[in-house]
Asker: 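Structure below; questions to follow.
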Amino acid sequence: MKTRQKKSADASESKSKVKKRAGENSGPTLSKKLRERKDGETSKQGPHLKSAGAHKRGGYGSILHYIYKSTLGQSLHSKMRQCLQEPFVRSLSSYHFHGATSPFDRRITCLEWHPTHPTTLAVGSKGGDIYLQDFKVPTKKTFLQGMGVGDSVTDMKFNKLNPSQLFTSSMGGLHVCFCAQSGAGDFIGGMKFCPTDLSKVYVASGEGTLTMQSFEGRTPTVLSRSQDCGHDHHNVCYWYCCVDVSVSRQMLVTGDNVGQLVLLGLDGQKIFSDKLHKAKVTHAEFNPRCDWLLATASVDHTVKLWDLRNIKDKKSFLHEMPHERAVNSAYFNPLDCSKLLTTDQYDQIRIYSSSDWSKPQHIIQHPHRQFQHLTPIKATWHPFYDLIVVGRYPDDRVCPGDQRTIDIFDSNTAELVCQLQDPTASGIKSINKFNPMGDVIGSGMGVTVLVWDQNESLISDRHKAQEETSTSVDSLRGQRRRRQQRSSRDRRGPVVDAKLKKKLASLEESESKTKTQTGCTKQKQVQMRKK
DNA sequence: AGTGTATGCTCCC
DNA sequence: TGGGAGCCCTACAC
């Protein structure tokens, strides 16, 4: 089979090959079923989709036409946007791996871009830690230590009073207290920036709390805490797995590991709580445009839509979307909030549209199966184009010969339009999100945060990258030492990919070498650079 | 290079 | 509806 060939192509896979593979995937592997569905939809969707197709030929030319029409007072934003999507997709082929940080000793479980600062992102880890960084300014970083503390050790809160201090000096110092309490999971299940105060985040934690934490050193506020179970080896049997905020509703949603959904006021006051799912609630999200509409995803193989004005019990859902497997996420598209993107735990990415919630508009076959020791893979939207990003976990049963790429699909056609890959970042990228500007992708790969964009940063910013990496490795060492003391089973070290380290080291040695690095990156850099 | 370890999910009783 | 055996098969430290 062609498998072999593809595997050997790995590092130096040429751009044409990438493109070809994109074609392959959207073609034969996606099966006739899909294409038939696509055709059906086109007619259903009418002019909207057709125009997207028509502009493929028009390309840039038609943009001027729409700008002109727009100046005449016609509202044509969506068409203009579609025109711009095509050049954007083309520009994606020149995206490459920009830099990496490994701030944690446990794998990354969630990633959130800062809503207004396009180069700042926050990541949460399996160990309960949160790290805020500006990838352009490596010195701008804040580390929030995972609580891992029970009620009795309230003193530990001082840790958070000065996060920057904590990051540099407290790593080796505060170890003792953590051991006893740190249960198996104080992991960050979900995280959301507080829309009214971007220095804060709402955090759902595996230790059973929903908190509001501050990057400016204020004491975290516990908004909700699950019951202490009093068992020997852990503190809680129930913990929150996700969060979302609605400013207009003045409400938070969270769901727990057994299917309970909780609605809270912003002050933590409980508004509603009931077991709405039969198993873990993996995701809960308010529709930003229609604030009474709530989507929940669950390990019970369903995604459900709820009307918050009329939510009573598990039977009061508006719509149920059964899936073949457990579901990791259900995201409304940020642009008009009329679509829902779901990712299951095996090989389906679905796109539902508000015009008919009863069946998906598209089912994209895509390997991303569940594995116990991997952060669940979730497909996410581009902030304003009809595109989605998702990490691939190759599976020969689904699609033989795959690489561990980051895939970008057109959500209207279900076509794979681009794949990102770099030999120095060889792991599975479970989490991938575009920043709010839509021009950078942040990824979580094991313990490492990766950033992908068009800048030649491993070259021009290599010192920064180097500094960033070594800084985090150092801090991680301190952290690791501390953790080793606190628990022998909770040891894990933060390390960037060995190849990446080597690469950074060699960059340090010789400046002149810069343009000849790694196949994939280089080949992508050859591509034109817009902007 | 080889081993150990890490709070997922499913299925069956 | 709860508990536990069995299985999914990565990424890290030592």
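Each chain gets a letter, A, B and so on, in the order the sequences are listed, and its residues count up from 1. Remember, predicted model here, so these are calculated numbers, not experimental data. When reading the values below, keep in mind they use all heavy atoms of this one structure, side chains included, and skip hydrogens, waters and symmetry mates.
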Asker: Can the positive tip of A:R325 be found less than 6.0 Å from the middle of the six-membered ring of A:Y346, inside 45° of the ring normal?
Answerer: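 Yes.
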Asker: Check whether more than 12 heavy atoms from other residues, nucleotides or ligands sit under 6.0 Å from atom CD of A:E320, and answer yes or no.
Answerer: yes
Asker: Nearest to the side chain of A:I428, heavy atoms from C-beta on, is which of B:dT10, C:dA11, C:dC9?
Answerer: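 When the side chain of A:I428 is considered, C:dA11 is the closest of B:dT10, C:dA11, C:dC9.
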Asker: In whole Å, I'd like the distance from the OH atom of A:Y238 to the P atom of C:dG2.
Answerer: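 Going from A:Y238 (OH) to C:dG2 (P), I get 7 Å.
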Asker: The side chain of A:R404 lies closest to which of these nucleotides: B:dT7, B:dC9, C:dT10?
Answerer: C:dT10
Asker: Write down the distance between NE2 (A:H231) and P (B:dT7), rounded to a whole number of angstrom.
Answerer: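 Checked: the NE2 to P distance equals 17 Å.
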Asker: On DNA chain B, nearest-nucleotide positions of A:N257 versus A:R325: which is more 5'?
Answerer: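 Its nearest nucleotide being more 5', the pick is A:N257.
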Asker: If I compare all heavy atoms of A:D407 with all of A:Q419, which pair ends up nearest, and what's the gap?
Answerer: OD1-NE2, 3.0 Å
Asker: Map A:N328 and A:H373 onto DNA chain B by nearest heavy atom, then report which one ends up closer to the 5' terminus.
Answerer: A:H373
Asker: Whole angstroms only, please: what is the CG-P distance between A:L374 and B:dT5?
Answerer: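 Whole-Å distance recorded here is 20 Å.
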Asker: Does A:Q370 make a side-chain donor-acceptor contact with the base of B:dC9, cut-off 3.5 Å?
Answerer: no
Asker: I want to check one thing: is the phosphate of C:dC9, taken as OP1 and OP2, less than 4.0 Å away from some side-chain N or O of A:R397?
Answerer: yes
Asker: Taking atom P of B:dT7 as reference, at what distance in whole Å does atom CG of A:N235 sit?
Answerer: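 Answer to the nearest Å: 14 Å.
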Asker: I want to verify a distance call: between B:dT10, C:dC9, C:dT10, whose nearest atom is closest to the A:V299 side chain?
Answerer: B:dT10
Asker: Using the C1' atom in both, what is the distance from B:dT7 to C:dG3, to the nearest Å?
Answerer: 15 Å
Asker: Find the distance A:D395:CG to C:dT10:C1' and express it as a whole number of Å.
Answerer: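 Roughly 14 Å, once rounded to whole Å.
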Asker: In whole Å, I'd like the distance from the CZ atom of A:R106 to the C1' atom of C:dA11.
Answerer: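 So the two atoms are 12 Å apart, to the nearest Å.
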Asker: Which nucleotide sits closest to the side chain of A:V447: B:dT7, C:dA11, C:dC12?
Answerer: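 Nucleotide nearest to A:V447's side chain: C:dC12.
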Asker: Write down the distance between CD (A:Q372) and C1' (B:dT7), rounded to a whole number of angstrom.
Answerer: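 Rounded to the whole Å, the gap is 8 Å.
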Asker: Please classify the nucleic acid contact of A:H301 as base, sugar-phosphate, or nothing, using heavy-atom distances under 4.0 Å.
Answerer: sugar-phosphate
Asker: Tell me: CZ of A:F371 to C1' of B:dT7, nearest whole Å?
Answerer: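 Atom CZ in A:F371 sits about 14 Å away from atom C1' in B:dT7.
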Asker: Quick check: closest heavy atoms across A:T109 and A:I188, and the distance to 0.1 Å?
Answerer: OG1-O, 2.6 Å
Asker: Would you indicate whether A:K278, at its atom NZ, is surrounded by more than 12 heavy atoms from other residues, nucleotides or ligands within a distance under 6.0 Å?
Answerer: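 It does not: A:K278 NZ has 12 such atoms or fewer within range.
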